[in-house]
Amino acid sequence: NTDARLNTGVILLQQGDPQGALREFETLLQHDAAQAEAHLYAGVILGQHLDDESGALRHWKRFLELAPSHPEAAKIRAVVARADAARDTR
C-alpha cells in the first residue's frame, strides 16, 4: 500500500531512523516511480541526513517533474538551482 509505506517512512524519519525511512521510500518507488512525495522525502534524507547531494538532487529533480505545483516545490526548486549554480562554478 502506497500510503502505508509513505507514512511508515515519515514515521521512521521522525523517530531518527533516516536509513530505515530511505528503505521505505526506495521500496515504494520501486513499485510506483511516480510517487512525488517519496522522491521529496528521499531527497531530504539523502541531502540532509546521509550527505549524498547528487542522490538528493536526482530525487528532487524528479519530484519537481512530477509535482511542479506542490507546496514544497518552490523551496526545492531554489535548493536545486543553488546546487546547480555551485556545481557550475567548480
Side-chain angles (χ1 to χ4, degrees):
N1 181 319
T2 299
D3 290 337
R5 199 165 285 284
L6 188 64
N7 289 335
T8 299
V10 170
I11 290 168
L12 288 168
L13 183 57
Q14 290 172 339
Q15 292 177 339
D17 184 4
Q19 293 195 353
L22 183 60
R23 278 191 300 275
E24 289 295 321
F25 297 130
E26 287 177 340
T27 299
L28 171 55
L29 289 168
Q30 288 174 359
H31 299 287
D32 182 4
Q35 218 307 326
E37 294 275 330
H39 283 289
L40 172 63
Y41 284 115
V44 168
I45 292 167
L46 290 167
Q48 296 179 1
H49 298 276
L50 301 180
D51 198 31
D52 180 355
E53 181 181 343
S54 65
L57 290 171
R58 185 176 60 253
H59 279 288
W60 284 335
K61 287 177 180 180
R62 184 67 177 133
F63 163 75
L64 291 171
E65 291 171 3
L66 295 167
S69 52
H70 186 282
E72 294 294 315
K75 183 170 97 174
I76 297 302
R77 199 172 287 110
V79 170
V80 169
R82 280 193 304 272
D84 285 345
R87 184 174 293 141
D88 290 343
T89 61
R90 288 185 202 155

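When a residue number appears, it is its place in the shown sequence, counting from 1. Just so we're clear, the structure is a prediction, and the values are computed from it rather than from any experiment.
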Exercise. Would you find more than 12 non-hydrogen atoms of other residues, nucleotides or ligands less than 6.0 Å from D51 atom CG?
Worked result: no
Problem set entry | Common cluster, L28/L46, ILVMFWY with side-chain heavy-atom separation under 4.5 Å | yes
Exercise. Out of E65, H59, R58, which residue meets the side-chain hydrogen bond (donor to acceptor under 3.5 Å, both in side chains) rule with H39?
Worked result: H59
Problem set entry | Non-hydrogen atoms of H70 and L40 that approach each other most closely | CE1-CD2, 4.1 Å
Exercise. Does the side chain to side chain contact (heavy atoms under 4.5 Å, CB included) test come out yes or no for H49 and L13, once each step is laid out?
Worked result: CA-CA 10 Å; H49 298 276; L13 183 57; 3.7 Å; yes
For this session: Determine, for E26 against R23, whether the closest basic-nitrogen to carboxylate-oxygen distance falls under 4.0 angstrom.
Result: no
Problem set entry | Shortest non-hydrogen contact from L6 toward E37 | CD2-CB, 3.8 Å
Exercise. Roughly how far apart are E24 CD and L22 CG, rounded to 0.5 Å?
Worked result: 10.0 Å
Exercise. Any idea which heavy atoms bring A21 and I45 closest together, and the distance?
Worked result: CB-CD1, 3.6 Å
Exercise. If you take all heavy atoms of A33 and L66, which pair is closest and at what distance?
Worked result: O-CD1, 3.9 Å
For this session: Please indicate whether F63 has more than 12 foreign heavy atoms, meaning atoms of other residues, nucleotides or ligands, lying under 6.0 Å from its CZ.
Result: yes
Seminar exercise, completed: Closest non-hydrogen contact found for A73 with A67 is CB-O, 3.8 Å
Seminar exercise, completed: In this structure, CG of L29 is separated from OH of Y41 (nearest 0.5 Å) by 13.0 Å
Problem set entry | Heavy-atom side-chain contact between K61 and D84 under 4.5 Å | yes
For this session: Identify the heavy atoms of P68 and R77 that sit nearest to each other, and give their distance.
Result: O-NH2, 2.9 Å
Exercise. How many angstroms lie between atom OG1 of T8 and atom CG of N1, to the nearest 0.5 angstrom?
Worked result: 9.0 Å
For this session: Determine, using the 4.5 Å side-chain heavy-atom cutoff (strictly less than), whether V44 and L64 are members of one ILVMFWY cluster.
Result: yes
